[in-house]
Each structure stands twice: as C-alpha cells, then as structure tokens.
Protein chains: 2
Amino acid sequence: MNKKEQIIKVASKYFSEVGYDKAVLEDVAKEVGVSKAAIYYHFKDKFALYEAVLCSRFKDLAQTICDIDAANPEQALREYVEKFGGFLLEKPCFSAIFARELADGAINMPQSCTKQMSQILKKLSAILQEGEAQGVFEKENPFMVQLMIVSTLVNYRTTRKLRITVMKNLKEVKNIDAGLKDIIPNLANKIIKALKC
Amino acid sequence: MNKKEQIIKVASKYFSEVGYDKAVLEDVAKEVGVSKAAIYYHFKDKFALYEAVLCSRFKDLAQTICDIDAANPEQALREYVEKFGGFLLEKPCFSAIFARELADGAINMPQSCTKQMSQILKKLSAILQEGEAQGVFEKENPFMVQLMIVSTLVNYRTTRKLRITVMKNLKEVKNIDAGLKDIIPNLANKIIKALKC
DNA sequence: CTAAACTTACTGACGAGTAAGTAAGAAAAG
DNA sequence: CTTTTCTTACTTACTCGTCAGTAAGTTTAG
C-alpha cells in the first residue's frame, strides 16, 4: 500500500468516527506518519480527500450491486440486501459516512457518487419492476424501499452503542439485540414479505 | 413567544439545515435580532442550546408516542408509524437533527433524551410483544423494526433533493417519488405486512 | 432603584491551507 | 563517465479566517 492509499484509509477512519467537520488533517497525518502538508501534496484540499474516500467506496458498492444476477426477482432482492449489508460489514467505516451523507441530504456529494447512487437505485428499481411484471411483488416506491433497506442497515451500524444505552434503560428488551451481520438475512426476509403479493 | 423560545426556534432551524458544527451562533443571533452574547445570557454554551432544542422535541415526541392507545396491535403499530411521521411533518427541523443523531450514534445526546428514546422503544416493543402474544405478529427484533420505521422516515425527509438528483439521472424512476406525507400510510402498511403471521 | 436582559469589543484556540525549503532519485547534458 | 537539472515526495514554520466564549458595560422592565 502506497502512502496516498494509507492517507485515504486513515482519513476514512476519521471521517467515519467523528464526521467530516471534526476530522482533523493533523490527526490523520500523525497517524499515517507524515506531515499535514504531505497530505496537501497528494490532495488539493480536505474535501478532495473526502471525495477520494467517497468515490472509491461508491464505485466498489455500485459494482457489487450491479453484479447481482439472480434467477428471479425475489432472489435478486434478497441478494440486493445481502450484498449491501455484506459491503457494509466489509467496509466498517462506510456505514457512518453513508449515514451522515443521507442525514445531510448529500448536498456536497460529488457528482460521480450521485451517479453511482443512481445506478444502485436503478438496479433496485429494475428488480422491483421485474417482480411486479411477474406478479410476485406489489408496485412500490423504489425510494422508500431503498431507504427501508439502506438507512436501516447503515443506522443499525451507527447506533450500536445507543442501543446498548437504550437497553440499559429498559427491562423488556434485554438480550434481544443482534449485530448487523445477524439482521441482514432477517431484513431481507421482511422486505420481501412486505412487498410480496 | 419570548426571546429564549425564539432563540431555540431559530437555532433549531440552523442545527437542522447545516448541522451542529456548521451552525454558527452569530447567524442565529442575527436572525433573532439579538447579539450573540445575549444567547450566552440564556444558555450556558452552544451545546446547552442544542440540548434545549433536542430535549423539547424528544419530550413532545415521546408524549405523542406514549399516548397511543389502540384497540389491537395492528392498529397500534399503524398509529405508531402515523404518529411518528406526523410528528416529523409538524416539526420540519427535527428530521435532519434526528437523522444526524442516528448517524453520529447519538454519542453526545443528553441522558434525558436517551431516556425518552428508551420510552419510545418501550412502546414499540410492547406493541410487538402484544402482537406476538395474540399470534398477529411474528417475533422480531424491536431495534430493527424501529430503524425500519424511524430511519426510513427521517432520511426520507432529508434526502428529498438527493432523490430529485437521482431521478434526473434515470429514466426508469420518473414520477414515482412522493412526499413524506404520502409515504407514511404506505410505510405503515408495509411494516405491518412484514410482521404479520 | 435593582435585577434581568441585553450590548460592543474583544480574546484565544483551532485547523485549513501555504510558502519556502530539503532530500533523494532519475534524467539529461557534456 | 560525471555533473547538472529536474522531479517527486516530502518537511517546518508559519498565516489567517473562523467562531465559541467572555469582560465590562448599558439598557430595559418592573
């Protein structure tokens, strides 16, 4: 791994943990073992570094999603959820970054990333339409379905500590929580069930 | 409305629009028509102002949710989604604030607010358990159900512009999107269907 | 009159970004 | 071949804008 990639990786961690505004390039630099100015050697500015983080992740995610090729719409939708969830498991920093982008309305998201998001939604929309055409799924707003999947997954990741806090306050929900990995198949089942005719 | 409440209201708008870090007290002060120091007269610091915004909203939301009293679990769950969504419609600034808190894992959320969140989840958990006991609903992780409802609703609100951008990129999803108000009953139906035995 | 509710004019910490420089290696010139 | 020049990949030591917070004072309301 070259230095530029090291910078991207460490920055990705900071953007994830503390968000864009609180992520400080001096901290990133120290952890990589370079000076802050070295980061400016490789990236025009802080935002360019953030873009580098975002774009590589969205590119990989879109590729993962567009590679879905299932025998039927139900299986395709299951794979959609599983592939999405699997990606979040594989890239631990991405959930929080994604969740913050959703929460902020993605107003500063580079166009290449919104393009990838469009491709991702296109895939989901195609699955839903095929399901509808085959009489397997009811017609449904793909944006709402997308958010039921995506925001649930990413926020499930980001709210881990919050859930523990909430559980401490309540007796009724003890030992009910699970990790992200465990809810992926569950969520897939629920989304499919919600959509089935 | 007294000055303190005006400050809370305007601050709520800024916290919603640009997030905590980017919300600048000088801007809040100008819009209220006071000096920044006057804000410090009423609130200890910026975070205390944020807490005031958060706590009043969560208190009202928890009250709204805990007042749900339906004849059966299915109706109760429907009301849960409708009341939650209705609250977000009534308090336009709250969705983005809530979404950012979820995305950040609510690590700085005051205890009184996490307490209210616990009460809200307690209500949902009770509805789900009653539904399970009556053989109406399958057993399900209440955190996941909560996020399917809450994160979908709040992020539906925050991603309005993003959805327009995404729609511009795609031909297949034209004229499919809807406002938050329109998806509330739809989401309720889908959640209920997903959970029904 | 007093206390509450403000004001102006700051201070100082923080962090993004930069100017000027250096070291090492590669390429070009003689 | 050796020396000069150029390039890449950094470095230190800043600058400067921003904004949270504050001191000292003034104004307003009761």
Side-chain angles (χ1 to χ4, degrees), chain A residues 1-57 93 96-97 100-101 103-104 106-110 113, chain B residues 1-57 93 96-97 100-101 103-104 106-110 113:
Chain A
M1 183 156 42
N2 66 38
K3 194 125 295 180
K4 188 170 177 178
E5 282 164 1
Q6 281 182 55
I7 292 170
I8 290 174
K9 180 171 176 162
V10 172
S12 174
K13 188 190 78 164
Y14 278 95
F15 290 137
S16 170
E17 285 175 1
V18 298
Y20 181 81
D21 287 325
K22 287 256 175 34
V24 177
L25 294 189
E26 189 69 63
D27 294 337
V28 175
K30 274 195 178 115
E31 187 162 330
V32 174
V34 295
S35 69
K36 183 175 62 169
I39 294 179
Y40 283 93
Y41 176 77
H42 291 278
F43 303 92
K44 173 171 168 288
D45 54 21
K46 186 179 181 182
F47 189 68
L49 174 56
Y50 185 66
E51 280 188 317
V53 170
L54 266 197
C55 292
S56 72
R57 292 290 177 262
C93 301
I97 291 173
R100 286 195 184 93
E101 284 296 325
D104 289 337
I107 56 173
N108 295 312
M109 195 183 273
C113 296
Chain B
M1 183 156 45
N2 66 37
K3 194 124 299 179
K4 189 169 177 178
E5 281 164 1
Q6 280 182 54
I7 293 170
I8 289 174
K9 180 170 177 166
V10 172
S12 176
K13 188 188 78 164
Y14 278 94
F15 290 139
S16 172
E17 285 174 3
V18 298
Y20 180 83
D21 287 326
K22 287 253 171 43
V24 178
L25 294 190
E26 188 70 61
D27 295 336
V28 175
K30 274 197 181 118
E31 185 160 333
V32 175
V34 297
S35 69
K36 184 177 61 169
I39 294 179
Y40 284 94
Y41 175 79
H42 291 277
F43 303 94
K44 174 171 168 287
D45 53 22
K46 185 179 181 182
F47 190 68
L49 174 57
Y50 185 67
E51 280 187 316
V53 171
L54 267 197
C55 291
S56 73
R57 292 290 178 262
C93 301
I97 291 173
R100 285 197 184 90
E101 284 295 325
D104 289 337
I107 57 173
N108 295 312
M109 195 183 272
C113 296

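Classified by interplanar angle (parallel below 30°, tilted 30° to 60°, perpendicular above 60°), the ring pair Tyr50(A)/Tyr20(A) is perpendicular.
Ala23(A) comes within contact range of the sugar-phosphate backbone alone, with a heavy-atom separation under 4.0 Å but no base atom that close. Among the heavy atoms of the strands, none lies under 4.0 Å from Ala48(A).
For Ala37(B), the listed nucleotide lying nearest its side chain is dT7(C); candidates were dT7(C), dG17(C), dT11(D). Ranking dT8(C), dT11(D), dA20(D) by closeness to the Ser35(B) side chain, first place goes to dT8(C). Of the candidate nucleotides dT12(D), dA16(C), dC6(C), dC6(C) has the atom nearest to the side chain of His42(B).
Between the side chain of Lys3(A) and the base of dA9(D), no donor-acceptor pair under 3.5 Å is found. Between the side chain of Lys46(A) and the base of dG15(C) there is no donor-acceptor pair of N/O atoms closer than 3.5 Å.
Between the CD atom in Glu17(B) and the CD1 atom in Ile97(B) there is a gap of 10.0 Å [rounded to 0.5 Å]. Distance OG/Ser12(B) to CD/Glu5(B): 13.0 Å, rounded to 0.5 Å. Taking CZ from Phe15(B) and CD from Glu101(B), the interatomic distance works out to 10.5 Å, rounded to the nearest 0.5 Å. Annotation: the span from Glu26(B) atom CD to Ile39(B) atom CD1 amounts to 8.0 Å, rounded to 0.5 Å.
Rounded to a whole Å, the CG atom of Asn2(B) is 15 Å from the C1' atom of dA29(D). Between the CD1 atom of Ile39(B) and the P atom of dC19(D) there is a distance of 14 Å, rounded to whole Å. For Tyr41(B) and dG21(D), the OH to P distance is 18 Å, given to the nearest whole Å. For the pair Lys44(B) NZ and dA20(D) C1', the computed distance is 12 Å after rounding to whole Å. For the pair Glu26(B) CD and dT8(C) P, the computed distance is 10 Å after rounding to whole Å. Between Lys30(B) atom NZ and dT8(C) atom P there is a gap of 11 Å when expressed in whole angstrom units. In this structure, CG of Asp45(A) is placed 14 Å from C1' of dG15(C), rounded to the nearest angstrom. Rounded to an integer number of Å, the gap from CD1 of Ile7(A) to P of dA16(C) is 14 Å.
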